[in-house]
Amino acid sequence: MSEIPILHFLIISCALFCIGLFAVLTRKNAIMVLIGIEFMLNAAILNLVVFGAFDKVNNAGQMFALFAIVLAAAGVAVALAIIINVHRHYQTIDPNKITSMKN
Amino acid sequence: MELTNLHIAWLVKGMIYSPLISMALVLFLKSRRLSAAISIVTSAISFALAICIFSTIWNKEIIEIRSVWIAIGSVSIDFGFWLDNTTSIMMLLITGITFLVQIYSVDYLANEGQINRYWAHISLFLFAMLGLVVANNLLMLYVFWELVGFSSYLLIGFWYKREKAAIANKKAFIINRIGDLMLLIGIFMLFIQWKTFDLNQLLTFDAGNNAWQTTMGIFLIGGALAKSAQFPFHTWLPSAMEGPTSVSALIHAATMVAAGVYLLVRLSPIFTPVVLLILAIIGAFTAIMAASFALAQMDIKRVLAYSTISQLGLMVMAVGLGSSASALFHLSTHAFFKCLLFLSVGAIIHGLYSLKDKGLDEQDMRNMGGLKLKIPIVFWVYLIAATSLIGLPLFSGFLSKEAILIEAFLWAESRTVWHFIIPITALITTWLTAFYIIRQFALVFLGEAKHPNNTVHDASKYMKWPMIILAFFCFFIFFGFNPFNANSTWIMNGLLTVQEGGIWAIWVPVASLILVPILFIICKAMYVNKSFVLISVDSRFYQFFANAGYFDELYEHTFAKLISILSKISATIDKHIIDVLVDFTASFGLFLAKIFDWLDRKIIDGTVYFVVARVRGIGDFARKFQDGFVQHYIGWAVTGIALLYIFNHFFGL
Amino acid sequence: MEYYQTYIQKQIEELLLGLPYFAPEILLSLVFVLVIITDLVLGKRFRNVVPGITIFGLLLSGVLSVQQLATAHEEMHLFSGMLLLDTKAVLFKILFTIISLLVVVFSIVDFQIRNNEKGWGEYFVLLLGAQLAMHLMAMSSNLLMVFLSVEMLSICSYILVAYVSREKEVSEAGMKYILFGAASSAIMLFGISLLYGFTGTLNLFGDNFLGELSNVPVAASTLAILLVFAGLAFKLSLVPFHLWVPDAYQGAATPVTAFLSTAAKAAGFALLIRFISTFTYSMPSYTMVWPNFDWETLLIVLAILTMTVGNFGAIWQDNIKRMLAYSSIGHTGFLVMGIITFSISGEAAILFYLLVYSIANIGAFLVVGVYHTAFSVNLISEYKGLGPKMPWVSAAMVVFLISLVGLPPTSGFVAKFFVFSSAFEAYTIGRHPLIIWLMVAGVLNTVVSLYYYFKVPLNLYLRKPDRDMRPGNRLIYIQIIIVILAVATLAIGIFPGKVMNFIEFQLNSSPAKLMF
Amino acid sequence: MLTILLFLPILSLILVLILPNSNNNLFKYINLTTTILQVLIVIGLYFAFDNNLAGFNSIEGFQFVEKVSWIGLQLGSLGSLQIDYFLGVDGISFTLVILTTMVMLIAAISSWNIQLKPKSYFALLLLLNSAIIGVFCALDFFLFYIFYELMLLPLFFLIGIWGGSKREYASIKFFLYTLFGSVFMLIVIIGLYFSVKDPISGAHTFNMLHMMNPDNYLPGSLLSVGSESGILFGAPTRLIAFAVLFLGFAIKVPVVPLHTWLPDAHVEAPTPISIILAGLLLKVGAYGIIRICYGIFPDGAIYFSYWIGLLGVISIIYGAFNALAATDFKRLIAYSSVSHMGFVLLGLASLTVEGINGAIFQLFSHGILASMLFFIVGVIYDRVGDRQVANFRGLMTQMPRYSFFVIIAFFASLGLPGFSAFIAELFVLIGAFTSQTTNGLVPHWMAVAGAFGILIGATYFLWTLQRMFFGQARFLGAETWAKQLIDLNTNEKLVLYPLALLTLLLGIFPNLLFDIGNTTINKMVDSTMQIGAQQLEQLKEIISNR
Amino acid sequence: MPILIFYLFAFLLLSSALYVVITRNIARAIFAFFGTLFCLSVLYVFAMADFIAVTQILVYVGGVVVLLMFGLMLSNRTQLDSLLAHKIDRFGRLKGIPSLLLCIALFIILIHTMIISNLANIPWIIKSKEAETIITGVDNTVKSIGLSTMSAYIIPFEIVSIFLLAALIGAAYLARRKKGYE
């Protein structure tokens, strides 16, 4: 831990966050969007873990990371269920084609 | 018995309110007889009371009876009476003539439906007119001033089914309203100047000679000029002839139009010299103009209408010359003979009603002629009145007219040569007056009947007696014992100290009368013997003599032509300049109205629409983000964060 | 080993000490489980058992919450600073309970929910889950709890939105909602991780949170706070995190929409207030805010934007639910106006506003549901001439809409009045020039809101129906509820004193330094 | 008593709501009874009213005062909030209360033929009745505002449901316009409430009378006079507040250019509602200006008097020209209302006793005359469903009784002496004329221009008379119309006679009305000039010091 | 050497993540995603969070990826059949440019923030280093996590259980077609 600067971890997490965001914004498949969101979440979890390393007393970072992983997984499950539902109705999961409601 | 002020107040109230009560009663009566009876009786009561008051106050101390009507802040408006000689003469005149005209109307309007309206309106008029003359302050005067106008409106529009009457009464009211507002503004200016509306205090103020007072004076005379149909407000009066002739006689000849003169007389103490000069010029100009118009008229009533304008012009001029007394004197004498003229003309028209059935205009003088023997009573009273109008000696008209003329010359004498224009104009007016009235006389009564088989009936009972009574009042004897000197009349004596005429007292009557016989002959030749000339075409020599050396033709081609052209020009000016101006004002008003209407629709509502459109535009803009693409939503949200951050970072939010 | 034993013992003691203050939540958890079981066992035979238990559980938890009022006058840090119980939280919990009860009643009679092909057991389960999450949101004082409760409410909301899965639009709404929501929570989590990194603690009300945060550059703390705020803004539907709202609200079943626009929003406000109070918590004066982050300007700007976007967006809408969705965005803007005072009165104003708004909004959605059931209409333009067909419901709708516009004598006016008052107070204290513009914007938006709200009565009463419409189903019970809500709306409007004084009294009874 | 007056309609409203729909005729009788009772109460109050008490800004001058604490809140840092149910009338408001009950009675009678949904109609009418009475009686600003807003809703529906062909547009336009004006008021109300405290209890208060007393302003508050804190955007907040309030009320008056809701609303509204709109609603705006703008911000009243006068003059002339251009009879009358209300503004701007007395008189007079005029329009509209001026001719022959009242109404409106409008306009003009020399607020030319407006007024009324009533009877609908255009029935006479008599009575005995308000108005002018000038001085000082 | 491994995995992480974003082949993307997650867990180890790393692999690789795979197969059979996605026009790519710019901007903002905040010198970290309360390779994180879970974090832990139950029920409800028809 000590030999690798925190900054480097954070650069990686920031990059991952932005890559995830890019996926969210551009991919034409709801599942890929979900993957992008997972990237973003993981970037945050990485942050938590990295900072948590300095917080031995409360171990808050790692605990939070653990919870976050669980929550993310649950979120993916629900999201997938919804996406499958959408697929039943629209026969596609391209978010750009599912726009029956708009102004 | 010595009457106290309290008694007099009651008398005055009785005089004023009895016609008001009559109006209230008559308005809801269907019965012809009853309504007429009530109206006439109340007028008679008023008349009697007026005599009573007159006898009490004539040449006595001025009586003022005050009672507060409204008192708000610094303004206190009285409902009070101001009784002096002027008032008492006016009272007498108004009630008397009204009474007579009402009696006349019983027969004159015997065949009209909804006659109760007529009686009610006449009573209203009487009430308003009396209120006007007894008012002790300008606002009260103004109140009645407007009411007079209103009753005039109603009476002109008595035959409201006639399109012309409907237009005429509107015209009359609106032109009067212009004057009223000028008067009102003038009253306000006066109030600002002196903090009072009271007439009695007015007399104590210095006329001064500043711009404020001149402006004020111009506004004040505006009201009077409109009411008295003076240039440039005169056009309504001829149109007002659309009303029944009795109304024309009462309101548009004898009384209401004279109210303007009355007001001028009242206010003359506060007029600055400039205002007075303006009055004199307008009066003189109106007099000659209207007189020349009268020459060209074929409608029997219009001749008289222009004549009224012309005579009022003389009175206004007299006020402008500083001779209120002569103005008022002429007002009184004129009231009688002009009223009588109208009434007799009314009788003629009434007698010629059958013309109407033939599709002919019963008011057109070309359809008349030779009525002298058919309707002798009318003929005689007309003759008396006309003579009085011309101003032949022994008649009242002579006294008053000469008084004005002499005053005019005296006035000019003390000033520059240019000022003589005014008296000379007045003099010419008297000649023209003689000309048109003789012309009318000739056309109507002399010669042969144009429609011989037409049935004409003379004045009936109710019409006859009022005319005869009025005819008496056309003689000098009722005004003074000296038939040649106006200054000896009681009215003149009662009003003001008068100056002696000096040399003018001889010159002027001579000058004004000298032409009358000639004019009479000319007219007779032109209008009566015309047929004779036409028949005897075979002998030129004979004709030369018969035509008095072709003076007829000469007149026809020079004099008459000239006059005709002049009158036509004047008529054109009237029609195409004044009316155009009026029309223009009206159309400009309409134009403005259109513009405002457009403004209202486009600009103001347009602004509202614009705002609404912007609102919708913003809504539309906000809506643009809502395109249904969830990824775009997220993109906008992230952009939002970035923007917020950047904002925060660089602008310290 | 002994160290651990004593440590654990100590922790367990604290846990046990805290449990009594956690009673409503425990009860909700139990009812949650109970409902799952009942649904499995009895769900098919006795349809109404599940909602019955739900109502019962909600009522009971409400009663427990009310009881907490007495104890919550002290600020209670429970479970190692995970939760914080004070009157503010309790009041919010009571508010949630009231709203949820209304929503449950609404759901029972709603056509879509009632006739859902897959049953409705899960629906109430999830409602209870959401209720629990909201309770936690109101009490969270730890970033973990913040995230956890937000996620829990979100997940439950996602499923609720997508609940009537037979409908095409419902699933679409669900997908949009969950994608947007998941992205937002990822952003929030990133922000939380940064906050944690900067402070070394997750406890918002710990002594060192603000102190540590002050040590990093302003830009860094700003970014972290903004990212966390984004997650909250998503729940509150603040601009620019509002974009999911119209689609999700339109697509979801009407009771769900009602729930999202009222309860979920209220929970968001509870959390936002809690989160912001972190930044005033350890300040010397309660009106003083941590200087490194300009909450006031941020909130003013967002409030102006939000109310403007919401109200102006609503102008164009023809779908009644979408219109109400936009209007609820607009109301968020007004609510934020109440926050900027950072004072008790502002807080009270928000609570009052939320209560009033919720009643009116749920009422309006109820009417929408009734119309939908009775006439199968969804568009405002289809409402032509319906007013006289259902006189009481339509009259009540007018009352609700008036209240939403904020006109006397309804409670909406009083609420708006309080909110404006608190904004004005903020102005008199801080003289922030933007507040005047905020108030002007609020006023203008009120006028704009009138325009679109009154399209409804316009159609109901002023226009003639295109076709002959007869109510298919009169729904007497729901009509009664609607009328009661309308009467409540009026009554609170005419006599706001009782409610407001209660809120004020409760809030004031807490120590002053906790208030924001 | 005022409470009874206020809640009588509410009780009737409840009664109307409870009664079943089946007996449609009952509702109008309930409404009529209510309004008659109200008139009786007001007559009673008229005799109990002491003309010598000067109200306006001191509680001692208010009569029939009722004060009950309504909403009392301890708002923590906001201080305590005190809202009272506080009613009372002084000379100014009592005049308008009298007017309200009378116009409401007229409206009740003219609603006799309402067939469409009578229950809702009368319920809304009663609600409106109560709200208007409330506005005139309320002395608590909050209460005032509630009643003020409460008026909008019934009107929206009354215009929207029972109105003419463009009723939807008209009603929403009306609603938006007036709401736009009133919501801004809310900000000022809040500002006032924060700035004013009850001198006795020390709580923030909505009591208007406290707001009128400069001593009650908290030093350093936003709307206090003597400190730097009263500055917003570089201008004194008080003046801004005045302008905002004025804007709100001006929309209701209405003042050109904020008037465009009026022609639409008046034209589209059913006859009774037009009567109420013109007879009462416009008065509410003017009353607000007097009571609130002038009362609370006398400095603003002086500062803005020139502009208020200007707006008044513009309204007079602009309204008159528009009336001249109108082809719809009702639109003509509506625009004439704009013109007539301009006089109110002009009178108020003059800040002289005469001018303001005239303005109040004009309010009353116009209330009667506008009711009469709109009723007159309603008469022919009821019969043939048309009211284009060009489609009628010679109505006088067809309907003589009717025309009689038309002539009275027209001439009364155009300011014929003997009728109330003359007195009103006279005093307004006197006030406007004397203003320049006494207090220098309104220049002479405005008075002259106002007088010019009277002239145009004469023009359009007379023109209409000439076009519609004189001449040979000729209608667009020919024989059918001739059959439908029967003369007035008893009901209609019952409305028109009292109105005509009233305008006549007031024209002849204006003191009947002047006496009620005079003392109060004297005090109003005195205190406004005195306090206002003082405050304005201070404000200028502060501004110049900056 | 470990440092090199760190940077290697960091590189792998980012490149696989980028590949996920860029590739058109969904199946490959998912495998790359798997790779990314694995790399991440390696980084966790470097951050002294061995238990988290394991959990990451278990939950994500074992759960989420499989779930996603299933989801993909259920929803996108056609695309899986023809592993290569059909070509779309080149300009279609341009639509991503604003998003790309946005992401780059955000990246710059984030990195900028990280650099200016001088992470190594954040007071609490320094304090923690001084107090030697940082986790080192010899610390038993599992134990500490276990203790925390049972003590300070028990409430969140319990809540998560309810949360998961709700999510489970919800997901199951949504995924099934009709009541009693699995």
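Note that this is a predicted model, so its numbers are computed, not measured. Order of the sequence lines sets the chain letters (A, B, ...), proteins ahead of strands, with each chain counted from 1.
- Sorted by first and then second residue, the salt bridge (charged side-chain N to carboxylate O under 4.0 Å, His left out) pairs with a member in residues 119-128 of chain E read C:E212-E:K127; sequence neighbours excluded.
- Environment of CZ in E:F11: sparse, with no more than 12 heavy atoms of neighbouring residues, nucleotides or ligands closer than 6.0 Å.
- Atom OH of E:Y19 is surrounded by more than 12 heavy atoms from other residues, nucleotides or ligands within 6.0 Å.
- Atoms CD1 and CG, on B:I641 and E:L102 in that order, are 9.5 Å from each other to the nearest 0.5 Å.
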Donor-acceptor list for residues 33-41 of chain E side chains, cut-off 3.5 Å, not counting sequence neighbours:
from  : atom 1 : to    : atom 2 : distance (Å)
E:T36 : OG1    : E:S16 : OG     : 2.8
E:T36 : OG1    : E:A32 : O      : 2.7
E:S41 : OG     : E:F38 : O      : 2.6

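- Atom CH2 of B:W636 has 12 or fewer neighbouring heavy atoms from other residues, nucleotides or ligands inside a 6.0 Å radius.
- The side chain to side chain donor-acceptor pair (under 3.5 Å) analysis of residues 45-59 of chain E, with sequence neighbours excluded, yields the pairs A:N42-E:Q56, E:D50-E:T141.
- Using non-hydrogen atoms only and a strict 4.5 Å limit, the part of residues 104-111 of chain E facing chain B consists of E:L106, E:I109.
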